[in-house]
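Written below as structure tokens is the structure these notes are about.
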Amino acid sequence: MTESHVKVPFYDLRELNSPYKEELVNATARVIESGWFILGKEVTEFERNYAAYCGAKHCIGVGNGLDALRLVLQAWKELGLLSEGDEILVPANTYIASFLAISDCGLNIVPVEPRADTLNICPDAARSAITTRTRAILAVHLYGQCAPMDELNSLAREHNLKVLEDAAQAQGAKYNTRCAGALGDAAGFSFYPGKNLGALGDAGAITTNDDTLADTIRALRNYGSTEKYRHVMKGCNSRLDEMQAALLQVKLKYLDGESDKRRWIADHYFAGIGNPAITLPTIMAGNTPVWHQFIIRCTDRDALQQYLLEAGIQTGIHYPIPPHKQQAYKELESLSLPVTEQIHREVLSLPISPALTEDQVILVINTINEFRGQ
């Protein structure tokens, strides 16, 4: 499709960031003029503000969302709460980063089927997957809707498990009035440019109320150092840089407004899409999603995507191949996960950028309603 034929882009980052261009340029200039680029006042300020936004005691800025998850798990190992070979429950239909964080730390992945309606992890399936080696639940807030945290936290208390939120797609999402990032023992966030709170490069953060965990992660992200040239553990280099922190400070001010626009678009989709071939998302009780993605399902998904493309409407597929069917995890390919595999065959992500106009949203709705399949 040529650019001139695109009537509804899936996600236009230039258009999305355009209203804040002057503030972003000023933030960039401020960092350049400061002459301080790593772990300075911009990072400190963003960490303070983002912790407050999430309702958490601590925020630790890191290099990206994968490192955020990985560093929490590594810190729990350093603190003796996890050991090599321990099992971590994780929804089977998540993005591969959730799996990578577990295996990178020498822990065992236990994929758990999601609920077919909400696409989030099924608490009953999680309960059935617990063994004597289970030590934690990686609760993914998939597509911007929080996982069923009451059930998962109850299950964790019953079996003495840790709960790590994968909140990469859920900046600002709420569960029973509380924000993602303050619903478990710790949370990992991604600020990849396409996220609801997106940097202009890679960036991530961890939130927690646990002082000891926060101190351990701060050391791990900085070569395992608590004091310059003194290294108390084998850490890594994963630090949110000053430039991205300054840019995120600008965009954090507008996050709630952009989330409201996403909800407005979602409300239009719910009210307008009436094609019986389409299954719309289900909102769980107590949830206020931020709609990182608006996921519909269709048994004739590929034909629907092509039909929309021919009408000038770009869509996405999140995700075409489940992690356990990726070559990287060929040791898991024999697992029977029928709900996950069906979901990955049927999901289609509709445009839901805050930059969309009402006319574009209506065009998406009308075109979907006109679809008749093959």
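In this chain, numbering begins with 1 at the start of the sequence shown.
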**Request:** Evaluate salt bridge (charged side-chain N to carboxylate O under 4.0 Å, His left out) for Glu151 paired with Arg157, printing each intermediate quantity in order.
**Result:** CA-CA 10 Å; Glu151 294 92 332; Arg157 287 191 297 270; over 6 Å; no
**Worked check of salt bridge (charged side-chain N to carboxylate O under 4.0 Å, His left out) between Arg127 and Asp124** = CA-CA 5 Å; Arg127 177 180 292 277; Asp124 290 338; 5.4 Å; no
**Request:** Evaluate the criterion salt bridge (charged side-chain N to carboxylate O under 4.0 Å, His left out) for residue pair Lys251 and Glu23; output intermediate values, then yes/no.
**Result:** CA-CA 9 Å; Lys251 298 188 72 178; Glu23 288 184 75; over 6 Å; no
**Item:** Stepwise salt bridge (charged side-chain N to carboxylate O under 4.0 Å, His left out) test for Glu242 and Lys41
**Value:** CA-CA 8 Å; Glu242 287 287 280; Lys41 65 180 183 179; over 6 Å; no
**Message:** Checking Tyr329 against Ser103 for the side-chain hydrogen bond (donor to acceptor under 3.5 Å, both in side chains) test, could you report, in this order, the C-alpha distance in whole Å, the side-chain angles of both residues, the deciding distance, and whether it holds?
**Reply:** CA-CA 10 Å; Tyr329 286 106; Ser103 58; 2.6 Å; yes
**Request:** Evaluate side chain to side chain contact (heavy atoms under 4.5 Å, CB included) for Tyr175 paired with Asp150, printing each intermediate quantity in order.
**Result:** CA-CA 9 Å; Tyr175 182 81; Asp150 284 347; 3.4 Å; yes
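If you take CG on Leu213 and CD1 on Ile206, they are separated by 7.5 Å, rounding to the nearest 0.5 Å. How far CD of Glu227 is from CG of Asn222: 12.0 Å, rounded to the nearest 0.5 Å.
Side chain of Asp12 to main chain of Arg14: a donor-acceptor pair is present (N/O by atom type, distance under 3.5 Å, no hydrogens or angles). In terms of modelled atom types and a separation under 3.5 Å, the side chain of His159 and the main chain of Thr132 share no donor-acceptor contact. For the pair Gln145 (side chain) and Ala170 (backbone), a donor-acceptor distance under 3.5 Å is absent.
Using a 4.5 Å cut-off on side-chain heavy atoms (C-beta onward), His324 and Glu333 make no contact. For the pair Thr315 and Ser349, the minimum side-chain heavy-atom distance is 4.5 Å or more. Using a 4.5 Å heavy-atom cutoff, the side chains of Cys298 and Leu348 are not in contact. Taking 4.5 Å as the limit, every side-chain heavy atom of Leu81 sits out of range of all side-chain heavy atoms of Arg135.
A perpendicular orientation is assigned to the rings of Phe270 and Phe294, their planes being inclined by more than 60° (bins at 30° and 60°). In this pair, Tyr50 and Tyr53 present their aromatic rings parallel. The plane angle is below 30°, not in the 30 to 60° band. Classified by interplanar angle (parallel below 30°, tilted 30° to 60°, perpendicular above 60°), the ring pair His231/Tyr223 is perpendicular.
Applying the side-chain contact (heavy atoms from CB on, under 4.5 Å) test between Ile313 and each of Ile368, Val6, Val364 identifies Val364 as the sole match.
Within 6.0 Å of atom OH in Tyr307, more than 12 heavy atoms from other residues, nucleotides or ligands are found, so the atom counts as buried in its surroundings. Applying the 6.0 Å contact sphere to CD of Glu158 captures more than 12 heavy atoms from other residues, nucleotides or ligands. Counting heavy-atom neighbours within 6.0 Å of Asn160 CG, excluding the residue itself, gives a total of 12 or less. Within 6.0 Å of atom NZ in Lys325, more than 12 heavy atoms from other residues, nucleotides or ligands are found, so the atom counts as buried in its surroundings. Counting heavy-atom neighbours within 6.0 Å of Glu331 CD, excluding the residue itself, gives a total above 12.
Linking Ile, Leu, Val, Met, Phe, Trp and Tyr residues whenever their side-chain heavy atoms come within less than 4.5 Å places Ile296 and Leu363 in a single cluster.
In this structure, Gln244 and Leu200 approach most closely via the heavy-atom pair OE1-N, 3.0 Å.
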